[in-house]
Amino acid sequence: MDNNPEKWRTQAWAHLTKLRQESPLIQCITNFVSMDIMANVLLSAGASPAMIHSIDEIPEFTPKAHALCINVGTLTTDWLPAMKVAAETANKEGKPWVLDPVAAGATGFRLKACLELLGLKPCVVRGNGSEILALFKGSVDPTSKGVDSSHESTDVVEAAKSLAQLSGSVIAVSGAVDIITDGHRVVGVQNGVAMLQKITATGCSVTALIAAFIAIDPLHVIEATSSALSLFGVAAEIGMQMSNGPASLRTHLMDSLYGLDEGTVLNRVNITNL
Ligand SMILES: Nc1ncnc2c1ncn2[C@@H]1O[C@H](COP(=O)(O)OP(=O)(O)O)[C@@H](O)[C@H]1O
Ligand SMILES: Cc1ncsc1CCOP(=O)(O)O
Ligand SMILES: [Mg+2]
């Protein structure tokens with residue numbers, strides 16, 4: 001894709017239209033905090049969510065899903081084997097899966113689990129600046145703020161590129177500017193509002209949305225990931241105009257995502273090659 005902004009916008013609208021038409025089934029193995037908002041964001045966008053995480057069901061269910069989202073936000077020893085079996089099943093079935101390494105640098109247990117999952121070759125890893133840096137360094141961050149970031153996405157571009165080259169996954173770093181890279185190309189998305197950081201699990205939700213967009217365009221992972229991040233940001237921008245704070249934005253974000261129309265998308269999507 002050349003750096004014509006119009007092409008990125010047209011592509012984002014084409015992705016959303018296809019998502020609404022095909023309504024892919026997205027399996028989410030995710031943290032307790034995020035389950036509700038993640039499922040509702042997927043529904044608002046046009047996808048079909050299923051929060052199914054029992055290891056007893058994965059061999060039967062994961063092959064039916066069009067994409068899988070794995071999120072370690074409230075990880076326990078019990079859940080990790082299910083996540084690994086699901087990732088392996090998705091790989092075997094040729095289904096794309098994405099990893100959200102929530103608070104990767106917060107503890108040794110979490111970091112080890114995230115690195116093991118990264119070894120199972122997710123199609124995309126989406127994290128905030130601190131999470132991506134922790135994965136790149138492979139070390140616990142003594143100054144970790146848990147699920148929140150203490151690094152700007154734009155400060156970890158080189159780490160993200162190296163991590164992408166080492167892992168073979170596309171790395172998406174969220175922030176004021178979302179960075180998407182396969183280790184060679186770097187794309188920037190400038191949509192969204194800072195208030196998204198004041199709603200829990202918006203990061204988790206946009207990771208699930210990336211899974212949905214990859215489900216409908218698995219051969220263009222960077223493009224699908226960029227569209228998902230941009231359209232989530234556009235919905236937040238529109239929603240913010242009707243909101244007084246995080247609680248009302250949470251509601252308006254979903255209404256705006258559901259109602260996104262061609263004119264709004266073509267006017268607002270802001271994606272560029274960096
Ligand atoms: N300062 C900001 N301005 C605009 N959008 C932002 C800003 N910070 C985060 N976002 C958006 O909020 C969503 C969640 O990102 P982020 O807060 O980085 O994830 P996490 O919740 O995992 O830490 C993403 O869509 C991202 O683009
Ligand atoms: C608060 C919290 N604690 C464990 S998982 C979680 C949700 C994190 O969501 P996000 O990474 O999208 O902010
Ligand atoms: Mg997060």
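Ligands are counted one by one from 1 in listed order, and the atoms in each one are counted from 1 as well.
Inclusion of Gly203 in the set of residues having an N or O under 3.5 Å from an N or O of ligand 2 is warranted.
A heavy-atom distance below 4.5 Å is not found between the side chains of Ile70 and Val98. In this structure the side chain of Thr10 never reaches within 4.5 angstrom of the side chain of Val269, judged on heavy atoms. Using a 4.5 Å cut-off on side-chain heavy atoms (C-beta onward), His151 and Asp141 make contact. Side-chain contact check for Leu19 versus Pro24: some heavy-atom pair is nearer than 4.5 Å.
Of all the atoms in ligand 1, the ones that sit under 4.0 Å from a non-hydrogen atom of Phe232 are 25 (O). Interface atoms of ligand 1 facing Gly203, defined by a heavy-atom separation under 4.0 Å, are 14 (C), 19 (O), 20 (P), 21 (O), 22 (O). Less than 4.0 angstrom separates some heavy atom of Val147 from each of these atoms of ligand 1: 23 (O).
In this structure, a donor-acceptor pair under 3.5 Å is absent between the side chains of Thr62 and Glu93. Between the side chains of Thr207 and Asp100, a donor-acceptor pair is found at a separation under 3.5 Å. Looking at Asn191 and Glu237, their side chains do bring a donor and an acceptor atom within 3.5 Å of each other. Judged by distance alone, the side chains of Asn270 and Trp8 never bring a donor and an acceptor atom under 3.5 Å apart.
Contact annotation: for Val193 versus ligand 1, heavy atoms closer than 4.0 Å belong to the backbone alone. Here Thr202 has backbone heavy atoms under 4.0 Å from ligand 2, and that is the only part of it that gets that close.
Distance from atom 6 (C) of ligand 2 to its nearest protein heavy atom, with residue and atom name: Val33 CG2, 3.8 Å. For atom 10 (N) of ligand 1, the closest non-hydrogen atom on the protein side is Gly175 O, 3.6 Å. Of the protein's non-hydrogen atoms, the one nearest atom 11 (C) of ligand 1 is Leu196 CD1, 3.5 Å. Looking from atom 1 (C) of ligand 2 to the surrounding protein, the closest heavy atom is Thr200 OG1, 3.7 Å. In this structure, atom 18 (O) of ligand 1 lies nearest to the protein heavy atom Ser174 OG, 2.7 Å. Looking only at heavy atoms of the protein, atom 2 (C) of ligand 1 is closest to Ala176 CA, 3.4 Å. Remark: minimum distance from atom 26 (C) of ligand 1 to any protein heavy atom is reached at Asp178 OD1, 3.5 Å. Among protein heavy atoms, the minimum distance from atom 23 (O) of ligand 1 is reached at Asn128 ND2, 2.9 Å.
In this structure, Trp79 has its ring center no closer than 6.0 Å to that of Phe109.
Checking Glu237, Arg126, Gln197 against atom 20 (P) of ligand 1, the nearest heavy atom belongs to Arg126. The heavy atom nearest to atom 8 (C) of ligand 2, considering only Gly73, Cys204, Ser205, is found in Cys204. Ranked by closest heavy atom to atom 3 (N) of ligand 2, the top entry among Asn31, Ile37, Val147 is Val147.
The shortest separation from a heavy atom of Asp148 to ligand 1 is not under 4.0 Å, leaving the residue out of contact. In this structure, Ala201 has a heavy atom closer than 4.0 Å to ligand 2.
With sequence neighbours left out, the side chain to side chain donor-acceptor pair (under 3.5 Å) criterion links Thr30 to Ser34.
Annotation for Tyr258: atom OH does not count as buried by contact number, only 12 or fewer foreign heavy atoms lying within 6.0 Å.
Formation of a donor-acceptor pair under 3.5 Å by the Arg110 side chain with backbone atoms of Val72 is found in this model.
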